[in-house]
Amino acid sequence: MQDPYIFADGLEQARNDVPTFSNTCKRRFGEAASCLMRGYREWPVCAKPLTVWQSSLASEALLFPPERREQPPFIGFLSSECKPIGSTMPDYGTLFTFPSAAALFPMAGRRAQTPQFGRIWVFGKDDTGKLPPESHFPLEDSGDMLGLAEQQGVRLYAEIGDAEGCDGKSWQLAAALAMDALCEEDFDYRIRLASEWIVTGELDQSGCIRKVDIGNKVALGTDCERTWLIPQYSQTRFDAEILKSGTGEVHYY
């Protein structure tokens with residue numbers, strides 16, 4: 001089994017090139033969790049991991065049930081202060097006891113900026129019946145989805161890094177699938193959603209999937225092995241943007 005990035009080249013890159021390390025960990029989110037689920041045990045010995053490296057590993061840890069987070073490699077590497085879902089969001093110690101799921105979604109670059117990945121996180125109640133604390137939700141048109149989360153008894157967080165925001169509602173399908181993965185209590189589903197897919201799609205009030213703008217999002221799918229999940233009515237535009245960009249084959253469903 002090949003070493004996941006975070007336990008291989010990521011160790012050195014976290015010391016020397018934090019932006020590249022952070023972007024690569026986002027792009028390869030779920031890779032370490034998938035390997036660990038399949039029995040990977042070759043993680044290195046680190047005397048004192050950097051905080052940015054700990055935060056990325058903590059993101060992988062949150063894909064596991066809380067009791068699994070108390071086992072290696074998480075228990076040996078992670079501190080309560082690291083920030084797995086963004087610098088302005090609750091820390092790992094606050095989130096440690098809550099079950100969670102996540103999905104990756106693309107954000108088109110504004111004003112010719114480079115597109116970026118965002119992550120939607122969904123947290124359920126802990127053993128005491130409590131949810132993690134509320135935090136500012138930086139995405140547009142979030143009222144309906146936050147209301148749905150409240151109905152389901154879960155907490156939503158949006159992690160967008162240093163992006164200025166995300167126009168429209170194309171993050172909503174990622175949020176719906178992450179909520180579904182958490183409520184289904186299907187661990188394999190959670191790992192595959194996080195590690196294998198890029199999800200974009202808007203939902204109407206009845207839950208039907210609507211088309212979304214593609215813009216320069218396709219650039220995010222050219223250097224990773226993920227499959228895109230996009231609305232049927234956006235596929236023609238998606239194909240056109242791939243052809244225009246000259247990026248080669250990009251898989252979508």
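Positions are given from 1, in the same order as the sequence printed here. Not measured: the values here are computed from a predicted model.
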**Study point:** Ile85 vs Leu95, side chain to side chain contact (heavy atoms under 4.5 Å, CB included): CA-CA, chis, key distance, verdict
**Key:** CA-CA 10 Å; Ile85 67 170; Leu95 300 171; 3.8 Å; yes
Do side-chain atoms of [X] reach the backbone of [Y] as a donor and acceptor pair under 3.5 angstrom?
| X | Y | answer |
| --- | --- | --- |
| Arg155 | Phe123 | no |
| Ser55 | Thr51 | yes |
| Arg190 | Glu184 | no |
| Ser170 | Gly201 | no |
| Arg28 | Ala32 | no |
| Glu159 | Trp121 | no |

Exercise for review: Could you point out which residue of Phe98, Phe74, Phe96 forms a ring pair (Phe, Tyr, Trp, His ring centres under 6.0 Å) with Phe64?
Suggested key: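 Among Phe98, Phe74, Phe96, the one that satisfies the ring pair (Phe, Tyr, Trp, His ring centres under 6.0 Å) with Phe64 is Phe74.
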Heavy atoms only: give me the nearest [X]-[Y] pair and the separation to one decimal.
| X | Y | result |
| --- | --- | --- |
| Leu11 | Pro44 | CD1-CG, 3.3 Å |
| Pro73 | Leu36 | CD-CD2, 3.9 Å |
| Cys35 | Gln2 | SG-O, 4.1 Å |
| Leu220 | Ile198 | O-CD1, 4.5 Å |
| Pro84 | Ser59 | O-OG, 2.6 Å |
| Phe137 | Tyr157 | CE1-C, 3.8 Å |

Check your understanding: With hydrophobic residues grouped by side-chain heavy-atom distances under 4.5 Å, do Leu139 and Leu148 end up in a single group?
Key -> yes
Exercise for review: Determine whether Leu62 and Leu131 fall in the same hydrophobic cluster, where Ile, Leu, Val, Met, Phe, Trp and Tyr are linked whenever their side-chain heavy atoms lie under 4.5 Å apart.
Suggested key: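 Each belongs to a different hydrophobic cluster.
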Exercise for review: Please list, chain by chain and in numerical order, all residues satisfying salt bridge (Lys or Arg N to Asp or Glu O under 4.0 Å) with Arg192, sequence neighbours excluded.
Suggested key: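 Salt bridge (Lys or Arg N to Asp or Glu O under 4.0 Å) list for Arg192, sorted by chain: Asp188.
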Close side-chain approach of [X] and [Y], heavy atoms under 4.5 Å:
| X | Y | result |
| --- | --- | --- |
| Ser100 | Leu63 | no |
| Arg38 | Tyr40 | no |
| Ser56 | Trp53 | no |
| Glu196 | Thr227 | no |
| Leu203 | Cys208 | no |
| Phe21 | Asp9 | no |
| Met179 | Gln152 | yes |
| Ser80 | Tyr92 | no |

Review point. Under the side chain to side chain contact (heavy atoms under 4.5 Å, CB included) test, which residues partner Asp213, sequence neighbours left out?
Key: none
Exercise for review: List in chain and number order the residues that pass side chain to side chain contact (heavy atoms under 4.5 Å, CB included) with Ser22, two or more places apart in sequence or in another chain; answer none if no residue qualifies.
Suggested key: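 Partners of Ser22 under the side chain to side chain contact (heavy atoms under 4.5 Å, CB included) test: Val18, Val52.
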Neighbour count >12 (heavy atoms, 6.0 Å) for atom [atom1], [X]:
| X | atom1 | result |
| --- | --- | --- |
| Gln71 | CD | yes |
| Arg68 | CZ | yes |
| Ile209 | CD1 | no |

Practice item. Kindly state each residue pair satisfying side-chain hydrogen bond (donor to acceptor under 3.5 Å, both in side chains) with at least one member in residues 123-132, sequence neighbours excluded. Key: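 Passing the test, one end in residues 123-132: Asp126-Thr128.
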Practice item. List the steps and the verdict of side chain to side chain donor-acceptor pair (under 3.5 Å) for Asp91 and Thr94. Key: CA-CA 5 Å; Asp91 60 27; Thr94 301; 2.8 Å; yes
Can you measure from [atom1] ([X]) to [atom2] ([Y]) and round to the nearest 0.5 angstrom?
| X | Y | atom1 | atom2 | result |
| --- | --- | --- | --- | --- |
| Arg226 | Arg27 | CZ | CZ | 9.5 Å |
| Leu50 | Asn16 | CG | CG | 9.5 Å |
| Glu31 | Ser195 | CD | OG | 9.0 Å |
| Glu60 | Ile191 | CD | CD1 | 8.0 Å |
| Leu156 | Glu150 | CG | CD | 11.0 Å |
| Glu140 | Gln172 | CD | CD | 11.0 Å |

Exercise for review: Kindly confirm or rule out a cation-pi arrangement of Arg119 over Phe29, judged by NZ or CZ under 6.0 Å from the six-membered ring centre and within 45° of its axis?
Suggested key: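 That pair qualifies as a cation-pi contact.
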Practice item. Might you work through the side chain to side chain contact (heavy atoms under 4.5 Å, CB included) test for Val199 and Leu193, ending with a clear yes or no? Key: CA-CA 9 Å; Val199 182; Leu193 176 62; 4.3 Å; yes
Point to revise | Pairs meeting criterion salt bridge (charged side-chain N to carboxylate O under 4.0 Å, His left out) with involvement of residues 197-209, two or more places apart | key: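 Salt bridge (charged side-chain N to carboxylate O under 4.0 Å, His left out) check on residues 197-209 returns Glu202-Arg210.
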Check your understanding: Can you pull the salt bridge (charged side-chain N to carboxylate O under 4.0 Å, His left out) pairs that have at least one residue in residues 93-106, sequence neighbours excluded?
Key -> none
Review point. Hey, mind stepping through His136 and Thr88 against side chain to side chain contact (heavy atoms under 4.5 Å, CB included) and telling me if it holds?
Key: CA-CA 9 Å; His136 171 63; Thr88 63; over 6 Å; no
**Study point:** Trp228/Phe105 aromatic ring centres below 6.0 Å
**Key:** no
Practice item. Go through the steps for Gln54 and Ser79 under the test side chain to side chain donor-acceptor pair (under 3.5 Å), then give the verdict. Key: CA-CA 7 Å; Gln54 287 190 49; Ser79 65; 2.9 Å; yes
Exercise for review: Might you work through the side chain to side chain contact (heavy atoms under 4.5 Å, CB included) test for Ile230 and Gln235, ending with a clear yes or no?
Suggested key: CA-CA 7 Å; Ile230 60 176; Gln235 291 179 0; 3.6 Å; yes
